[in-house]
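Report on the structure given below.
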Amino acid sequence: MTARLKRSGAAVIALWALLAAAAAAQVRPVDAPIRAGDSAWTAGRFPAAKGAYTTVLALDSLTSPRSVYRLAVLYSWDGDLKRAIPLFALYVRLEPRDEEGRIALARAHAWNGNTGSAVAIYDSILSRDHTYRDAALGAALALAWAGRYDAALARYDKWLIQNPGDIEAGLARARSLAWAGRLAQSERAYAALGSGGENLETQKGIAMVAAWRGDLTRSERLWRGLSSKAPKDAEIWVGLAQVLRWSGRSEEARAALERALLADPANPDAREQMRWVRAELGWTLEPGGFAIWDSDKNESRMVTLAASVRPVSRTRFTVTGGYRDARLASTTGRSASGRASLRIQAGNHVTLTGELGAVRTSADQGTTTNERRFTIGSARATARFTSGFSIGMGATRSVFDETAALIVSGITVTSWTGEADLKLPGRLGLGAGGELAHLEGGSGPNRRRALFAVLSWRVRRQISFAVTGRGSGYDESPRDGYFAPSRFLLGELSTRLGRGRDLGWAAEVSGGVGVQHVRFDDPGVTRGTQRFGASLAYRPRPGTEFVLEYGFSNVANTTGTVTGGGSVYHANTLLLRTRLTW
């Protein structure tokens with residue numbers, strides 16, 4: 001009996017050992033990568049942690065909520081929100097009481113542009129606890145990112161009424177005012193926050209707003225002062241680098257970003273700006289092409305290729321070549337051009353540009369062929385006197401070669417231009433300028449005078465309106481293939497709407513309606529005009545873009561530009577341009 005009991009006990013123990021081993025075998029495959037992921041996460045070896053947690057989810061997505069959450073965080077750090085958001089949502093289902101998980105899910109939705117989802121999650125948290133700070137400020141920030149500044153500011157104001165001592169919330173509110181274009185209010189808000197004593201964050205905000213207001217000299221001085229106080233603050237070096245970039249001093253911006261990355265190697269703003277700086281300092285190749293066709297039966301196609309490099313600091317040297325093929329009935333014209341230009345940034349306020357080149361044209365009209373060679377060039381200077389006022393002046397010699405008839409005529413244009421731009425309160429801008437041009441060739445010399453004025457209103461970053469007045473006149477009205485009324489007046493109301501960010505896909509549409517008066521002989525004719533444009537751009541990385549544009553204009557005039565018959569002239573333009581940088 002005893003022997004039987006012993007044998008039975010041994011069998012039970014063996015069976016228990018087999019079951020334990022089987023259970024251990026079931027757990028061990030997922031337990032090992034969990035331990036490996038946690039170890040790599042703690043050590044800061046995030047690529048290794050990402051690989052281990054990916055293995056955990058492949059084996060069993062429900063075993064380790066911590067692995068789900070951390071993998072979602074790693075995807076969000078990489079900008080892969082399409083993978084991060086479902087993982088954060090899974091974590092919330094696995095750990096419904098963890099409000100931090102909901103905050104992370106809402107933040108990922110906001111980063112991805114899903115403002116409605118983000119705010120709904122934040123509000124669900126606030127409905128249970130209206131004092132939850134991360135939810136209250138997160139909702140305000142999501143609204144600001146979406147451009148809904150009034151709603152965002154209302155949220156900040158509500159929080160600050162209840163928590164007047166929350167400096168970080170006050171800083172976020174001041175920053176949102178700057179994003180909304182209310183720069184004077186933003187600077188006052190930053191100054192008020194720092195009135196009780198020196199506050200590094202408020203001084204950073206004032207320096208940032210100064211740059212956005214166009215006062216780059218003051219902003220640079222403020223950032224450099226802050227860098228001497230806190231030389232290991234990466235954000236200060238990033239702010240200084242941004243101002244240096246806007247000043248055209250990319251080499252100095254690179255040095256500032258190197259200081260930022262030395263202080264904080266993982267700083268995302270510094271790493272992103274460094275990508276843009278390297279693109280600005282690199283070689284650039286720009287192939288492109290466009291086609292034009294109009295109601296006068298003109299057809300014109302052109303291909304271009306430009307290459308540029310920065311030979312020394314604050315300069316850009318560009319070589320451009322182009323070939324045009326134009327047709328009108330039995331007349332054909334060809335134009336080949338080459339030019340070299342140099343742009344110099346002289347200090348923070350003056351930009352100088354010079355260009356020199358040549359054009360060779362060839363035209364076939366019936367059995368006759370003629371060829372011509374021309375020298376072209378330009379010189380231009382732009383000066384910014386204050387943050388809101390600049391003027392520019394230039395002289396240009398070019399060839400009038402847009403159509404086959406113009407190529408046959410062999411007309412050159414020497415023009416002197418000047419313009420001024422003034423920023424006004426309320427996101428308004430005023431620009432005005434004029435031109436005096438002398439035309440040579442064709443049936444004889446001619447002279448053109450032109451003036452323009454534009455009042456613009458930038459409602460938001462990607463929405464603007466403008467009222468434009470333009471007038472010009474020629475001394476003569478020749479039949480050389482160009483539109484030359486003795487008086488041309490145009491008044492137009494236009495708008496522009498854009499969608500997209502600096503990288504990725506972006507689209508823009510624009511349009512305008514106006515009234516135009518054209519006079520060749522008294523009394524002239526007044527009619528309506530319309531124009532429309534659209535563009536689609538893709539920018540996969542800084543310095544690289546692909547852009548497709550289309551434009552249509554319907555312009556009333558009393559005589560066709562070439563045919564001489566009464567008409568309402570309209571034209572179409574299709575353009576493809578590319579920029580590659582390395």
Side-chain angles (χ1 to χ4, degrees), residues 147 149-150 179-185 212-214 380 382-394 415-437 448-474 483-500 506-519 523-535 549-558 561 568-573 575:
Y149 300 114
D150 290 339
W179 291 346
R182 305 174 192 176
L183 299 178
Q185 295 180 46
W212 288 8
R213 298 181 78 169
R380 179 174 176 80
T382 303
R384 181 178 294 277
F385 293 96
T386 68
S387 60
F389 178 64
S390 65
I391 64 171
M393 295 181 292
S415 63
W416 293 266
T417 60
E419 65 276 338
D421 289 294
L422 177 65
K423 290 183 179 179
L424 301 173
R427 289 172 284 178
L428 294 173
L430 179 63
E435 176 200 43
L436 176 63
R448 178 179 69 221
R449 299 161 303 281
L451 295 170
F452 77 89
V454 180
L455 177 64
S456 61
W457 177 36
R458 188 175 182 179
V459 182
R460 293 181 181 175
R461 178 187 176 189
Q462 296 179 325
I463 303 176
S464 64
F465 296 91
V467 178
T468 302
R470 189 182 302 276
S472 65
Y474 285 83
F483 182 59
S486 61
R487 178 177 293 179
F488 169 89
L489 298 173
L490 172 69
E492 183 189 67
L493 173 64
S494 62
T495 185
R496 180 192 63 84
L497 173 63
R499 182 79 178 183
E508 182 176 294
V509 295
S510 62
V513 294
V515 177
Q516 176 180 274
H517 177 79
V518 179
R519 188 181 75 187
V525 173
T526 300
R527 294 180 180 172
T529 67
Q530 309 86 36
R531 66 177 177 87
F532 167 78
S535 69
E549 298 180 357
Y550 170 75
F552 170 81
S553 59
N554 187 18
V555 184
N557 61 283
T558 60
T561 60
V568 176
Y569 176 79
H570 58 263
N572 301 270
T573 304
L575 180 146

H570 and F552 aromatic ring geometry - parallel, tilted or perpendicular at 30°/60° bounds: tilted
Side chain T495, main chain S464, donor-acceptor under 3.5 Å: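 Judged by distance alone, yes, a pair lies under 3.5 Å.
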[X] [atom1] to [Y] [atom2] distance, which is reported to the nearest 0.5 Å:
| X | Y | atom1 | atom2 | answer |
| --- | --- | --- | --- | --- |
| Y474 | S486 | OH | OG | 12.0 Å |
| L497 | F465 | CG | CZ | 8.5 Å |
| L490 | F452 | CG | CZ | 13.0 Å |
| L455 | L493 | CG | CG | 10.5 Å |
| R496 | Q462 | CZ | CD | 7.0 Å |
| R519 | F488 | CZ | CZ | 14.0 Å |

[X] and [Y]: which non-hydrogen atoms are nearest, and at how many Å?
| X | Y | answer |
| --- | --- | --- |
| P485 | V518 | CB-CG1, 3.8 Å |
| A534 | V509 | CB-CG1, 4.1 Å |
| E435 | T417 | CG-CG2, 3.7 Å |
| A420 | I391 | CB-CG2, 3.8 Å |
| L489 | G471 | CD2-CA, 4.0 Å |
| L436 | R449 | CD1-CG, 3.7 Å |

Given side chains that start at C-beta, do those of [X] and [Y] come closer than 4.5 Å, heavy atoms only?
| X | Y | answer |
| --- | --- | --- |
| N572 | Y550 | yes |
| S510 | R531 | yes |
| T526 | V515 | yes |

More than 12 heavy atoms of other groups within 6.0 Å of W179 CH2: yes
